[in-house]
J.: 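This is the structure I have questions about; it appears just below.
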Amino acid sequence: MISDSDAVSISPGRRVWLRFRQSRRGYWSLVIFMVLFGISLMAELLSNDKPLIARYNGELIFPIVKTYSEKTFNGDFDTQADYLDPFIRDQFNKNGNWAIYPLNHYHFDTLNYFATSPNPAPPTAENWLGTDDRGRDVFARLLYGFRVSILFGLALTITGVLLGLLTGAVQGYFAGRTDLFFQRFIEIWGSMPELYLLIIFASIFEPSIGLLLILLSLFGWMGLSDYVRADFLRNRNLEYVQAARALGLSNRQIIWRHVLPNSLTPVVTFLPFRMSGAILALTSLDFLGLGVPPSTASLGELLAQGKNNLDAWWIALSTFAVLTITLLLLTNIGDALRNALDVRRKA
């Protein structure tokens, strides 16, 4: 603990970090989340159907970054080599050849043509979490799907925060007719059926992550905008803002230098919760078939497979565990961050 006399010399950012560290649950949730996210960013190196590096006929090759045909390894076809084929693997086991494979030998879209059990197959030493109904490795799809969900959640959160900050700041600072106009616009815009619009656009355009991000961003900023607006309405009449006006600062300078830094508490506090909502939104839409393209690894698509294959318990159970852990970590981080920003607490 730090005494009150020492706390005076600590910067506000350092003080918030010390309060955050006091919450063991929130701090270790952040550490675990960052480790899991870092692992997912290296998914190609951990789960792939291509060797990381190999030596063939005295030459070092890197199949993970360069495409080689089957004829390169004494095969019969010019198509890309299947490194899970027993014939190709046998080529790396003779004449001094060798290959280093990732820990998991499957990409998220790799079909296991050489499985000994019908699909969906239960967990084995080869497929750690089993396969889905198409013979794809569940562990690989969870790893890549987790990365897609986190990156999508980050992108949607950042977009929503920027739009919410902009609209809330304009409403709260200028108030009057500007605030009245924006409030009526938000009421009309918020009453539009978001799910129906997603269904309509999904039937017109080819599904993509970019299109989904744009559509969800159009509606994801309104909740945060209300909190920013309320803070700006309160801060705009405080003494330091009036003094800045008296010194001749422009509205842009007052907003950027003075009002905005003192109105960021709700923004920072709600970041983990907004990210949780974005991940749940993507998972739900994928579950309904309105999300990312079928060729993309998706947690929602795995949940849909678990619903359609109730006897393949490993699909639904593993996906549910990943979602639960992810949302629990983000919730713990959000609670700890909210307590850290509470000025009534001491560090």
Side-chain angles (χ1 to χ4, degrees), residues 28-56 59-68 70 72-73 80-94 96-117 119-152 279 295-299 301-303 305-306 312-326 329:
W28 285 109
S29 294
L30 176 63
V31 172
I32 295 173
F33 178 80
M34 295 304 297
V35 169
L36 294 177
F37 182 47
I39 291 174
S40 70
L41 293 178
M42 299 185 297
E44 283 79 8
L45 302 178
L46 299 174
S47 183
N48 210 317
D49 56 358
K50 301 175 182 178
L52 302 176
I53 184 174
R55 185 176 186 271
Y56 188 75
E59 179 183 359
L60 285 178
I61 60 175
F62 300 89
I64 195 170
V65 296
K66 185 177 180 180
T67 301
Y68 297 91
E70 188 176 309
T72 305
F73 309 103
Q80 182 177 348
D82 182 1
Y83 297 98
L84 299 181
D85 189 335
F87 172 79
I88 301 296
R89 287 192 172 188
D90 185 61
Q91 297 299 309
F92 288 121
N93 293 328
K94 56 185 181 181
N97 300 329
W98 50 264
I100 300 178
Y101 284 83
L103 292 177
N104 189 46
H105 298 170
Y106 298 93
H107 197 254
F108 72 86
D109 57 355
T110 302
L111 299 179
N112 188 1
Y113 295 108
F114 310 100
T116 56
S117 302
N119 297 316
T124 61
E126 183 66 20
N127 300 106
W128 301 340
L129 296 178
T131 61
D132 62 8
D133 55 7
R134 301 180 189 177
R136 298 172 298 188
D137 186 71
V138 173
F139 174 81
R141 294 191 67 78
L142 284 175
L143 180 61
Y144 284 87
F146 174 79
R147 181 175 67 180
V148 170
S149 298
I150 298 301
L151 291 177
F152 180 86
I279 293 174
S295 59
T296 306
S298 164
L299 299 181
E301 189 265 344
L302 278 174
L303 285 179
Q305 284 202 42
W313 53 267
W314 53 89
I315 301 178
L317 180 61
S318 57
T319 308
F320 179 77
V322 170
L323 276 175
T324 302
I325 293 173
T326 302
L329 292 176

J.: Hey, is the main chain of I315 close enough, under 3.5 Å, to the side chain of S318 for a donor-acceptor pair?
T.: yes

J.: So, does D85 use its side chain to make a donor-acceptor pair with the main chain of A81 at under 3.5 Å?
T.: no

J.: Mind checking the OG-CD spacing from S295 to E301? Nearest 0.5 Å is all I need.
T.: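 Separation between the atoms: 10.5 Å.
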
J.: Please check if any side-chain donor atom of R89 sits under 3.5 Å from a side-chain acceptor atom of H105, or the reverse.
T.: yes

J.: Is the distance between the ring centroids of Y83 and F73 under 6.0 Å?
T.: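 Yes, close enough.
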
J.: Are E44 and K50 ion-paired here, with the side-chain N under 4.0 Å from a carboxylate O?
T.: no

J.: Is a donor on one side and an acceptor on the other found under 3.5 Å between the side chain of R141 and the backbone of F108?
T.: yes

J.: Report the residue from F62, Y56, Y101 that forms a side-chain contact (heavy atoms from CB on, under 4.5 Å) with P51.
T.: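 Output: one option passes, namely Y101.
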
J.: Would D132 and N119 count as having a side-chain donor-acceptor pair, cut-off 3.5 Å?
T.: no

J.: Parallel, tilted or perpendicular: which fits the ring planes of F33 and F37, with parallel below 30° and perpendicular above 60°?
T.: parallel

J.: Rounded to the nearest 0.5 Å, what separates atom CG in D49 from atom NE2 in H107?
T.: 7.0 Å

J.: Do the two ring centres, one from F92 and one from W98, sit under 6.0 Å apart?
T.: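 Not close enough - the centres of the two rings lie 6.0 Å or further apart.
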
J.: Measure across L143 and S47 and return the closest heavy-atom pair with its distance rounded to 0.1 Å.
T.: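 Heavy atoms of L143 and S47 come nearest at CD2-CB, 3.9 Å.
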
J.: Measuring from atom CG of L151 to atom CG of L41, what distance do you get when rounded to the nearest 0.5 angstrom?
T.: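 Nearest 0.5 Å value for the CG-CG distance: 6.5 Å.
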
J.: Of all the heavy-atom pairs spanning S149 and I279, show the shortest one and how long it is.
T.: O-CG1, 3.7 Å

J.: Less than 4.5 Å apart, any side-chain heavy atom of L142 and any of L302?
T.: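 Yes. Closest side-chain heavy atoms under 4.5 Å.
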
J.: How long is the gap from CG on L60 to CD1 on I53, to the nearest 0.5 Å?
T.: 5.0 Å

J.: So, for A316 and L303, which heavy atoms are closest and what is the spacing to 0.1 Å?
T.: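 That would be O-CD2, 4.4 Å.
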
J.: Donor-acceptor pair, T72 side chain versus Y68 backbone, under 3.5 Å?
T.: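 Answer holds: no.
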
J.: For F320, is the CZ atom crowded, meaning more than 12 foreign heavy atoms sit under 6.0 Å from it?
T.: no

J.: To the nearest 0.5 angstrom, please state how far the OG1 atom of T124 sits from the CG atom of L129.
T.: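 Rounded to the nearest 0.5 Å, the OG1-CG separation comes to 10.0 Å.
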
J.: Set out, in order, the CA-CA distance, both residues' side-chain angles and the distance that settles side chain to side chain contact (heavy atoms under 4.5 Å, CB included) for D137 and T110, then state yes or no.
T.: CA-CA 7 Å; D137 186 71; T110 302; over 6 Å; no

J.: Atom CZ of R136 and atom CG of L111: how far apart are they, to the nearest 0.5 Å?
T.: 7.0 Å

J.: If we ignore hydrogens and angles and just use 3.5 Å, is the side chain of N97 paired with the main-chain N or O of Q91 as donor and acceptor?
T.: yes

J.: Looking at D90 and K94, does any basic side-chain N land under 4.0 Å from a carboxylate oxygen?
T.: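 A salt bridge is present here (some side-chain N lies under 4.0 Å from a carboxylate O).
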
J.: So, Q305 side chain and D133 main chain: donor-acceptor pair closer than 3.5 Å or not?
T.: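 Yes.
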
J.: Name the residue from W314, Y106, F139 that meets the ring-ring contact (aromatic ring centres under 6.0 Å, His included) definition with W128.
T.: F139

J.: Could you walk me through whether L323 and L299 pass the side chain to side chain contact (heavy atoms under 4.5 Å, CB included) test, one step at a time?
T.: CA-CA 8 Å; L323 276 175; L299 299 181; 3.8 Å; yes

J.: Considering only heavy atoms from C-beta outward, does the side chain of I64 approach that of L45 to under 4.5 Å?
T.: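 When only atoms from C-beta onward are counted, L45 and I64 do touch, with a gap below 4.5 Å.
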
J.: I88 and E70: side chain to side chain contact (heavy atoms under 4.5 Å, CB included), yes or no, with the steps?
T.: CA-CA 8 Å; I88 301 296; E70 188 176 309; 4.2 Å; yes

J.: Do you know the tightest heavy-atom contact between R147 and A43?
T.: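 Between these two residues, the closest heavy atoms are NH1-CB, 4.0 Å.
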
